[in-house]
Engineer: 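Take a look at this one; I'll ask things after.
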Amino acid sequence: MGLLSDPVRRRALARLVLRLNAPLCVLSYVAGIAWFLALVFPPLTQRTYMSENAMGSTMVEEQFAGGDRARAFARDFAAHRKKSGALPVAWLERTMRSVGLEVYTQSFSRKLPFPDETHERYMVSGTNVYGILRAPRAASTESLVLTVPCGSDSTNSQAVGLLLALAAHFRGQIYWAKDIVFLVTEHDLLGTEAWLEAYHDVNVTGMQSSPLQGRAGAIQAAVALELSSDVVTSLDVAVEGLNGQLPNLDLLNLFQTFCQKGGLLCTLQGKPEDWTSLDGPLQGLQTLLLMVLRQASGRPHGSHGLFLRYRVEALTLRGINSFRQYKYDLVAVGKALEGMFRKLNHLLERLHQSFFLYLLPGLSRFVSIGLYMPAVGFLLLVLGLKALELWMQLHEAGMGLEEPGGAPGPSVPLPPSQGVGLASLVAPLLISQAMGLALYVLPVLGQHVATQHFPVAEAEAVVLTLLAIYAAGLALPHNTHRPLSYRVVSTQAPDRGWMALKLVALIYLALQLGCIALTNFSLGFLLATTMVPTAALAKPHGPRTLYAALLVLTSPAATLLGSLFLWRELQEAPLSLAEGWQLFLAALAQGVLEHHTYGALLFPLLSLGLYPCWLLFWNVLFWK
Amino acid sequence: MAAPLVLVLVVAVTVRAALFRSSLAEFISERVEVVSPLSSWKRVVEGLSLLDLGVSPYSGAVFHETPLIIYLFHFLIDYAELVFMITDALTAIALYFAIQDFNKVVFKKQKLLLELDQYAPDVAELIRTPMEMRYIPLKVALFYLLNPYTILSCVAKSTCAINNTLIAFFILTTIKGSAFLSAIFLALATYQSLYPLTLFVPGLLYLLQTRHINPNSAAAVHTCENEEQSLLDLFLGVCHDVCGKPSGNHLPLLLPSQLLGFHPRSLWLYINVFFYTIPLAIKLKEHPIFFMFIQIAVIAIFKSYPTVGDVALYMAFFPVWNHLYRFLRNIFVLTCIIIVCSLLFPVLWHLWIYAGSANSNFFYAITLTFNVGQILLISDYFYAFLRREYYLTHGLYLTAKDGTEAMLVLK
C-alpha cells in the first residue's frame, strides 16, 4: 500500500498521470485495438478440445439410413402445408404417432406491440407440435430436444422430413437413456418461446399459450435444424443466442467432431476455416468480426438462442446449398445428428466442463475470456485515466494544495465552488436521463397518436418517433442548462462545471461499458471502440464542430448503422447507402420488437443507459 | 431546523412507499446483497407461520431471528411496510439529535482547548466554525435516509434496519448521557447480533469522559458493565422462557451468500471484529465517537452475513467527519471502487446463477474487492483523523530539520 499512502510516490504518480495523460490514453486505446486484432494469432487462440469425459472417449456407430424416408416425409409435409396455408398440425400429429412417438400439441397467441413488417405479422396465433420418445433405459428425468422452427414461408420442409425420419430411426434403438423431444414450432421463434415458457411454466414475455400436456425431464441440450433442400453443400452452425449468450463450447466441439467424422463441410458465420494457407489469420479475423457483430446485436440467431436463457445448451445447424461441387444428401446430415444425440445421451451431468465465454475465429479455434478481456480492459483504462486527470485538476483547483505540508499558499475558500459544481450537474443528468426514458417508452406508447396525425403505418411510426426523439435529445439539454451557467461563470473557475460533468459522464460510461462487457463482451467492445475516443476528447474548447461531428459519428445509433455496413462488407455483400438506411430502419424496428417479444436487452440498454450517457458528453461539448 | 428534517423524512418515506408499490420490491427482496439468511423478511414470515401452526420456529434451520422480533411482528405483520419505514425514520431522527448534541460537545471542547492555548498557532484553518457545523445533523439524516443502500434494505424489509435503529438509539442515549438507557439499547442490539458488544467500549469511554459516571470509582464501571450484562441475560432469559430455546447469535449453517460471508475459507475474518477494539480504544481514547464510527464500520466489514444495510449505517456518519475531507487521500478511487462493486454484484450474480456462464469465484472476487475498498476507505478516514489531531497540536506547516517540508508517516 506504499503507493496509496506514501506522499512522495503519490506525487510522482500524480505527475505521471497528469503530464503523460494524452500519450497514455492513446497508447492504451491502441493497445486495446491491437490486442483484439492479435486474438486471431496462435498464442492467443487455442485449438478447441473436448473437455467432457462422457462425450470424449466413447465411440458411436451411426446407422441412420432413412434418406429416402426423410425426403418422402418432406414432400408430404410441403404438400400439406401448401394446401392448408399453415402448419399441417393434424398431419404432423398423425405422422409422429405413426412413427411411435407420444404426441402433444400446444396452441399459443401473441399480439405484437406493433406490426412486424419484416415477417409480416401482428396478431400471431399458432400451434406447436411435439412428440416425445420415452427413454427405455431410464426414468423421464432428463431429455434432449431436436427442434425445427417453421416460419410463414415454405422453407424448412426438409428439416421436418429429416426430423421425422430420425424419430422413426431413434424409436427402433434401445440405448436411449434420456427422453428425446421432437419439436416443430410455428412462427419460428415465437413458437419456440411459447413452448419453452410453457415447458418451464413461466411467463416472461406476455405470451398466451395453453399449458403443456406432456413433459419429458429437464432439458440437457437442444439442437435446432434448418434445412431447405434435399442436398446440402455444407452445414453452417450458429451459436450466438439471446443477449449474446453462448452455449458450452463442448457442444460445438461435438458438432465439429461429427462433421469431421462424416467428412461434412462445416462452416462458422458462413466461412469454412483454413488455417494452413497464408491468409488464414486474415480469414480468422473476418470470422471473428462477424461473430462479434452478431453477438453484439443480442438477437437470437436461430431458435437455439431462446433455449440458452433456460440454461439449456443449444445450437442451430443450417443446411447450405451453394454452388460447390461436393454435395451431401440427408443421410449424411442425419448421421451427424444421430451421432451428436447418441453422445449427448451419454452425458452424466449438464455440460459444464468447457468454456461458456469465448470468441471463435474459426470452428476449431477459440479465444477464452481471460485472453480477450484485456482488449476491453485497455479501452476502459482510457476512461479511467481521463477521469483521474479531471479529478486531479478539479481537486487542485478546489483544494489549493493537495498536501498540507506543501507550499504554504493562500487556500481559496472552497465550499461555494464545490456546491455549484454539484448543483449544476443535477439538471443535465436529470434531463438526459429523462430523454432516455422518453426514447424507451414513447415510440411504442405513442404509435396510435402518430398514426392518427401523420400518414404512416404503425411500424413506421415507431421507428420515426424513435429517430425524432433521438435527434431531439441533441437540441434539448443544450438549451436548458443556460440559466445555470451564470452561476458557474460567477465563480472563479469557469471550467469546473463542465469538468465535473465530464468526470461524472466518464465514470458513468466506464461503469456501463464494464458491466456490458462482462455479460456480452462483443457489445461492450464494439461500443467502447467507438465511444471511448470521443468521450475522452469532448470539451467545450478547441475545434468544436469537429468534435461535434465526431461525437455524432460515434453515437450509439451511428454505431449501429456503421455495424450494419461492416457486417455486409464482411459477408462480401456490400450495401449501397439507400439499402443501408432501409436496413437500419428495419433493424431499429426489430430491436424494439425483440425487446418486447423475447426480452432482448439491447434496446433498453441503449435507450436507458448509453444514450443518456452520450447526451452528457454532448452537453459537455456545448457547455457555456 | 426541524422543518428541513421533516422534509427529508417526507421525501424518504415517499420514495420508500413508491418502491414498495412497484414491481421492484419483490426483486430487491431477493437480492443477496440486501438480505442475508439472518435478516431476510421471507424467513420472518416463515417463522411466524410456523409459530401459528404450533411448531417451534427454531426446530428447522430456516429461522434465525430473535424471539422478541417474532413477537413484535406477530402483532405488526400487517403493517410490516409501515414498521420498516418508521424504523428508518427513527434511526435518522436519533442520529440527527445525537449528532446535534455531539457537535455542541465538540465545539465546547474546541473552545476550551483554544482558551487553554493547546493548539499550535497556525492552525486557524483547521478550527471548525459553527457555520460549517450547522447543517451536519441534517446531512447525517439525509445520508442515512436517502442512501440507496438504506432504501434497498428498507424495501427488502431486511431486519437489519431494526438493528440499525437500536444502535442509533444507543448512540443517542450515550451522547445524551443516560447510562441506563444506553445499556438497554446496547443490550438489545447485542441480543440481536453479537457484534454490537464491541460498542460497549466506546460508549463507556464517552460516558466516563463526559462525567456522566464518576470515573473515580471503579465500581461505577462495574455497575455499567453489570447492568448491560444483566440486561442481556434478562433478554436471553425471556426468550428462553418464551420459546424454550435461546436464539440469535448462533447460526449452524453456512449458506452461499452475501458480501463476504459465503466463502468458507473466509471464516477467520469474522473474529476480526473483536481484534480491533482494544488497539482502537488505546489509540482513540480521547475520541470515543470517532472510535464508535470506526468500530461500526469494522462490524459492517467483518461480520458474518453482512448486508448493505450495515454499510449504510456507518456511511451516515461521513458528514460528521466533513472536516477530514482535505486529509483524505484516495477518496476518489475508493468511491469509484465502491460504486463499481455495487453495480457488479447483480451482474456477476446473474452470470453465476442465471446465465450459468460464470461461477461463484467471479462473485466472490467482487465481494472481496468491495470489502477491500471499504477497509481502505475506513483506514483513510482513520489516518486523516490522526493527521488532523497531530497538525492541531504541532502546527500545520511543519518543516523537517533540514528545512524542507515535513512529511507525516503512519507507522
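Labels below follow one simple rule: chain letters A, B, ... track the order of the sequence lines, proteins then strands, and each chain is numbered from 1.
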Engineer: side-chain contact (heavy atoms from CB on, under 4.5 Å) for B/F332 and A/L503? Distances and angles first, verdict last.
Structural biologist: CA-CA 11 Å; B/F332 175 65; A/L503 179 64; 3.9 Å; yes

Engineer: Measure A/A387 against the heavy atoms of chain B and call it side chain, backbone, both or neither at under 4.5 Å.
Structural biologist: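 Backbone plus side chain of A/A387, per the 4.5 Å heavy-atom cut-off to chain B.
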
Engineer: Name the region of A/L246, side chain, backbone, both or neither, that has any atom closer than 4.5 Å to a heavy atom of chain B.
Structural biologist: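 Contact with chain B is absent: no heavy atom of A/L246 under 4.5 Å.
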
Engineer: Which heavy atom of A/L518 sits nearest a heavy atom of B/L351, and at what distance?
Structural biologist: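 So the minimum-distance heavy-atom pair works out to O-CD1, 3.6 Å.
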
Engineer: Any donor-acceptor pair under 3.5 Å linking the side chain of A/R309 with the backbone of B/Y354?
Structural biologist: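 Judged by distance alone, no pair lies under 3.5 Å.
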
Engineer: Any side-chain heavy atom of B/I339 sitting closer than 4.5 Å to one from A/I507?
Structural biologist: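 Heavy-atom side-chain distance check fails, nothing below 4.5 Å.
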
Engineer: Can you tell if the side chain of B/I331 reaches within under 4.5 Å of the side chain of A/W391, non-hydrogen atoms only?
Structural biologist: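 Of all side-chain heavy-atom pairs linking A/W391 with B/I331, at least one is under 4.5 Å.
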
